[in-house]
Every structure is written in structure tokens, then in C-alpha cells.
Amino acid sequence: MTNSHASTGYSRRSVLRGLLMCGTMAIGSRSLLGTGLLAEEVAGSGQALEKRGWKLACQLYTFRRFPFYEAIEKIAALGIKAVEPCFFLPLDARQPGLVTSEALPPDKRAEMRQKMAQLGITMPNFYANLGNDQDQARKVFSFAKEMGCQTVVAEPPADSLPMLDELLAEYGLTLAIHNHPQSPSSHYWHPKNVLGAVEKRSHRIGACADTGHWVRSGLDPVACLKLLEGRIITLHLKDVAECGVVGSRDVPLGTGAAHYDRVLEELARQNFRGVMTIEYEHDSPQLLEDVAKCRDFVINWAVQHA
């Protein structure tokens, strides 16, 4: 993994200062991240999200070029206070072989919690690998609970759900089934498949709605959200350039084929309350700017519809 931003000597404060100087979030005629920002405007934007019960997070896969400890500095500098780690991504450039998963030993779990706490970052979701192995599922849920998670995001086989449902009750967690684009190996690409899997299960099991992958599969994300109403636990906020093209690249929210104003309108209509995780898969030198645009779109919408 290439890490072109490592060892720059920039502090979190200096990164944030740079973002504040060049940010683009607008409320009315003013730049929310521009110079001369009033504190009450920042507070007001956060209150708009809180009023709807929306908590913004960032999927670690967005910053997969960077180990976790570097990625969360970038996430914190963007003003996003929550992260959804992936079970297969590296923890620290100085500690090769360690990944952000249940495989971490106790001392590294404590170190991970400490690093997040120092940046004011929480971990409400964890993207995990779940199957039919009950002992392995216990390890995943134990790790998630220890790290302060409420929801495990995964794509487990449907026949594992009765067992997982019982464990979720034991650990006090929820399971959100994630959808990838349509393919022979993607069982949950269509929301009907998710509904079929969860209909006999408790409401501890529901959907992690990935709107961009629905669009890649040629589906209308608003129609998909309507179909899943009442079973949406969390989301991967994602917009893509073209509908029905599996390889279509990510674009900032509101600029692609997902028609994201309608997506947020539907979530508001459903009175969705929970974690909304920005996942931006198109890596480029403009990655921070693109993620900031995604963040801005959600906050601006919430402010304008407060």
C-alpha cells in the first residue's frame, strides 16, 4: 500500500486549519468551512443533523491507502467524528500484519481505542466477516462490543442468521446486512433478497443500505429504501456516475445518478435515525476534497430542511 501522505510532519491542527481555509460548505451565502466562521453556525449545522438523529461516519475503505491510525486523523480533520473500520485493512504502518479486526490482541485493542479517543472518534459500526462459525461470530461480536460498536455490518449467509440473531441478543448488538453490486457472488444485491433473509428474524437484523451499489445494479435507490422501510439499520452513503454500470466510479453525493436529494428526502420521510457512513471508493489526489463534498451535501441538506 502506497502512503504518499505519511511523514509530512503536519499536525491534526494544521491539517484542519488548511481545510478550514479552503473548505466549500455553504449555508446561504457564507462558506461553512471558510474563514470568519461563526461558532454558532458550526453548532447549528451539527444541531440540524442531531435533530434528525443522523450521525455521520466514514467507512475506512475510503482511506484504504492509509493505515487506520493515519486514516482517522484525516477523518477527524474533516470534522467527522465516527469511523466504520474494515476487518481486512491495516492498523499501523509501523506494525505490519495487524488489521482492524477481532484478531487484534488485547493490548492493541486498547491502543486502537486510545488513538480514537485522542481524536474524539467513535466506532459505532464495524464491517466484519461473518459466516456459520459460532465461535468466530462470538469473537467478532466481543470485539465489536469492546470497541463501543452498536452495529456489525456484514454479508453473512442466510442460513447463519438464526444463530447470529441469538448471539446479537446476548451481546446487545445489531447486524446490518450490506449489499454489493449485482454479481453471481452477491446474494444481497437486491433489497428483496435482504427482506427475504430477515423477515423471520428479530429487528436486531436489518439492512446496511448501500445506495451507490444499488445504482450500479440498475436499481432506483429511493424505491429500494421504500422496500426496506422499517428494516434499515445504517447506510453507506454513496453516489456513482452512471446507473446500471457495475464499474461506475464514485462521485460526490448529489452529483451522480443516485439523485441524492431524493434519497435524503426519503430517509427523512421514514424518520430514519442512525449512523450514515460516507464511503467514497474513488481514490485520487482530491480524495479529501471529494469526501468533504459528500459531508457538505448531507449537512447542507439537513440545515436547509431543518
Exercise for the section: Name all residues meeting the side chain to side chain contact (heavy atoms under 4.5 Å, CB included) criterion together with V246; count only those two or more places apart in sequence or in a different chain, and write none if there are none. Expected result: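 By the side chain to side chain contact (heavy atoms under 4.5 Å, CB included) rule, V246 matches P181.
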
Item to check | Partners passing ring pair (Phe, Tyr, Trp, His ring centres under 6.0 Å) against F126 (at least two apart in sequence or in another chain) | outcome: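 Checked F126 against ring pair (Phe, Tyr, Trp, His ring centres under 6.0 Å); matches are F143.
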
Sorted by chain and residue number, the ring pair (Phe, Tyr, Trp, His ring centres under 6.0 Å) partners of Y127 (sequence neighbours excluded) come out as H178

Specify the closest pair of heavy atoms between [X] and [Y], including all atoms of both residues, with the distance to one decimal.
X: G206; Y: I233; result: N-CD1, 3.2 Å
X: I75; Y: A82; result: CG2-O, 4.1 Å
X: V152; Y: A144; result: CG2-CB, 3.9 Å
X: P221; Y: A258; result: CG-O, 3.6 Å
X: C149; Y: L173; result: O-CD2, 3.4 Å
X: D290; Y: S284; result: OD2-OG, 4.0 Å

### Query
V240: which other cluster members, linking ILVMFWY side chains closer than 4.5 Å, directly or transitively?
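Members besides V240, by chain and number: V215.
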
Pairs in or reaching into residues 120-144: which pass salt bridge (charged side-chain N to carboxylate O under 4.0 Å, His left out), with residues at least two apart or in two chains?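 Listed by first then second residue: R138-E170.
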
Pair listing, salt bridge (charged side-chain N to carboxylate O under 4.0 Å, His left out) test, anchored in residues 203-214, at least two apart |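 Every salt bridge (charged side-chain N to carboxylate O under 4.0 Å, His left out) pair that includes a residue of residues 203-214, provided the two are not neighbours, is D165-R204, D210-K238.
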
Looking at side-chain heavy atoms only, is the closest gap between [X] and [Y] below 4.5 Å?
X: L161; Y: I177; result: yes
X: L49; Y: W54; result: yes
X: F63; Y: C58; result: yes
X: M147; Y: M116; result: yes
X: T277; Y: N125; result: yes
X: L237; Y: L56; result: yes
X: H203; Y: R231; result: yes
X: L175; Y: F141; result: no

Residues that [X] engages under side-chain hydrogen bond (donor to acceptor under 3.5 Å, both in side chains), provided they are two or more places apart:
X: H180; answer: E155
X: Q136; answer: E102
X: Q182; answer: none
X: K51; answer: none

(Q) Would E146 and R113 count as a salt bridge (Lys or Arg N to Asp or Glu O under 4.0 Å) here? Give the steps. (A) CA-CA 9 Å; E146 183 178 345; R113 291 197 307 272; 3.0 Å; yes

From [X] [atom1] over to [Y] [atom2], what is the distance, rounded to the nearest 0.5 angstrom?
X: W189; Y: C224; atom1: CH2; atom2: SG; result: 8.5 Å
X: T211; Y: L225; atom1: OG1; atom2: CG; result: 7.5 Å
X: L235; Y: L267; atom1: CG; atom2: CG; result: 5.5 Å
X: I72; Y: L78; atom1: CD1; atom2: CG; result: 13.0 Å
X: K226; Y: I232; atom1: NZ; atom2: CD1; result: 10.5 Å
X: L264; Y: F272; atom1: CG; atom2: CZ; result: 11.0 Å

Check: [Y] main-chain N/O paired with [X] side-chain donor or acceptor under 3.5 Å:
X: Y188; Y: P156; value: yes
X: S186; Y: S183; value: no
X: R64; Y: Y61; value: yes
X: T122; Y: P124; value: no
X: E70; Y: A93; value: no
X: D239; Y: V251; value: no
X: S248; Y: V245; value: no
X: R65; Y: D283; value: no

Between H236 and the options E281, E84, H213, the side chain to side chain donor-acceptor pair (under 3.5 Å) test singles out E84

Start with the C-alpha distance between L168 and T174, add both sets of side-chain angles, then the distance that settles side-chain contact (heavy atoms from CB on, under 4.5 Å), and finish with yes or no. CA-CA 6 Å; L168 290 165; T174 56; 5.7 Å; no

Q.
Is there a side-chain contact (heavy atoms from CB on, under 4.5 Å) between V140 and F87? Walk through the geometry before answering.
A. CA-CA 10 Å; V140 170; F87 68 91; over 6 Å; no

Within 45 degrees of the axis of the six-membered ring of Y171 and under 6.0 Å from its centre: does K145 put its NZ or CZ there?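 No cation-pi geometry.
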
Notebook entry, point to check: Linking I/L/V/M/F/W/Y whenever any side-chain heavy atoms sit under 4.5 Å apart, do M163 and V153 land together?
Noted result: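 Both belong to a single hydrophobic cluster.
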
Is the closest side-chain donor-acceptor distance between T234 and T151 under 3.5 Å?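 Their side chains do not contain a donor-acceptor pair, so the 3.5 Å distance test is not met.
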
- Can E265 and H305 be counted as having a side-chain donor-acceptor contact under 3.5 angstrom?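 No, because no side-chain N or O of E265 sits under 3.5 Å from a partner of the opposite role on H305.
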
Answer yes when [X] and [Y] have at least one side-chain N-carboxylate O distance shorter than 4.0 Å, and no when they do not.
X: E111; Y: K108; answer: yes
X: K293; Y: E289; answer: yes
X: D220; Y: R262; answer: yes
X: R216; Y: E242; answer: no

Checklist entry - Under the ring pair (Phe, Tyr, Trp, His ring centres under 6.0 Å) rule, what pairs show up with a residue in residues 247-269, not counting sequence neighbours? => result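 For residues 247-269, and leaving out neighbouring residues, there are no ring pair (Phe, Tyr, Trp, His ring centres under 6.0 Å) pairs at all.
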
Hey, can you pull the donor-acceptor pairs under 3.5 Å for the side chains in residues 190-200, sequence neighbours left out?
residue : atom : partner : partner atom : Å
H190    : ND1  : K192    : N            : 3.1
N193    : ND2  : H187    : O            : 2.8

